[in-house]
Amino acid sequence: MPRRTAERPPGQPRPLTERETAVLLAMIEHASEAKPGLASAATSGVTPAQRERWRAAVGGLVVTDTCGCGTCPTITLTPEDEASGASAAGTGMPGVDGGGGGSPLMASSEGGILLLFADERTPRMLEFAPVQGGVFDEFPPPAQIVF
């Protein structure tokens, strides 16, 4: 996955990679909301209509920021028509600061946990949180994701 470089300064929107798009669509289709107190994701309260809105939005999303931790491929997503001047600093972390509402959708893969934060209209952040000191440059292939 492309990282910030001199050719792509922070805050300059870019298209999603093929892998990012595939993982995002898989998460929209199959991931479930985390339920407090449970060891794994449970049946999601997300409706089929909600998932369809998110799927329809994917083609119009751009990446407006990447995580700066150096160990994960986490990306902030913004609709292309909102992306001029948008950044993670301006949008905040969806689902945490009031921008996204409920619980994130969750899944796992060898080496980490995947989280999808979304608002009513569109996905806003796709996160891969490595566990046990792993370092990942890109999201796992959809076939390796456990829902």
**Student:** Would you mind writing out the side-chain donor-acceptor pairs for residues 104-116 within the sub-3.5 Å range, not counting sequence neighbours?
**Tutor:**
from   : atom 1 : to     : atom 2 : distance (Å)
Ser109 : OG     : Gln144 : O      : 3.2

**Student:** Just how far is it from atom CG of Leu77 to atom CG of Leu126, taken to the nearest 0.5 Å?
**Tutor:**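 Rounded to the nearest 0.5 Å, the CG-CG separation comes out at 6.5 Å.
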**Student:** Once rounded to the nearest 0.5 Å, what's the spacing between atom CG of Asp119 and atom CZ of Arg124?
**Tutor:**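 Output value for this atom pair is 4.5 Å.
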**Student:** By salt bridge (Lys or Arg N to Asp or Glu O under 4.0 Å), which residues pair with Glu80, not counting sequence neighbours?
**Tutor:**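 Glu80 satisfies salt bridge (Lys or Arg N to Asp or Glu O under 4.0 Å) with no other residue.
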**Student:** With hydrophobic residues grouped by side-chain heavy-atom distances under 4.5 Å, do Val62 and Val23 end up in a single group?
**Tutor:** no
**Student:** Grab the two heavy atoms, one from Pro79 and one from Thr122, that are nearest each other, plus how far apart they are.
**Tutor:**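 Scanning both residues, the minimum pair turns out to be CG-CG2, 4.0 Å.
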**Student:** Roughly how far, to the nearest 0.5 Å, is SG of Cys67 from CD1 of Ile75?
**Tutor:**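 Separation between the atoms: 11.5 Å.
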**Student:** Within the 4.5 Å heavy-atom criterion, are Thr17 and Phe139 side-chain neighbours or not?
**Tutor:**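 No - every pair of side-chain heavy atoms lies 4.5 Å or more apart.
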**Student:** If the plane angle is over 60° it's perpendicular, under 30° parallel, otherwise tilted; pick one for Phe147 and His30.
**Tutor:**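 It falls in the tilted class, 30° to 60°.
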**Student:** Please give me the minimum heavy-atom distance between Ala83 and Thr64, naming the atom from each residue.
**Tutor:**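 For Ala83 and Thr64, the tightest heavy-atom pair comes out as CB-CG2, 4.1 Å.
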**Student:** Only counting residues at least two apart or in another chain, list the ones meeting side-chain hydrogen bond (donor to acceptor under 3.5 Å, both in side chains) with Arg19.
**Tutor:**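 In terms of side-chain hydrogen bond (donor to acceptor under 3.5 Å, both in side chains), with neighbours along the sequence ignored, Arg19 is linked to Glu138.
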**Student:** Roughly how far, to the nearest 0.5 Å, is OG1 of Thr66 from CD of Glu20?
**Tutor:**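 These two atoms lie 9.5 Å from each other.
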**Student:** Roughly how far, to the nearest 0.5 Å, is OG1 of Thr78 from CE of Met125?
**Tutor:** 9.5 Å
**Student:** Specify the closest pair of heavy atoms between Gly134 and Pro130, including all atoms of both residues, with the distance to one decimal.
**Tutor:** O-CB, 3.4 Å
**Student:** According to side chain to side chain contact (heavy atoms under 4.5 Å, CB included), who are the partners of Arg53, at least two apart in sequence or on a separate chain?
**Tutor:** Ala49, Gln50, Glu120
**Student:** What distance do Leu25 atom CG and Arg51 atom CZ have between them, rounded to the nearest 0.5 Å?
**Tutor:**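 Nearest 0.5 Å value for the CG-CZ distance: 12.5 Å.
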**Student:** Apply side chain to side chain contact (heavy atoms under 4.5 Å, CB included) to Ala129 and list each qualifying residue two or more places apart in sequence or on a separate chain.
**Tutor:** Glu127
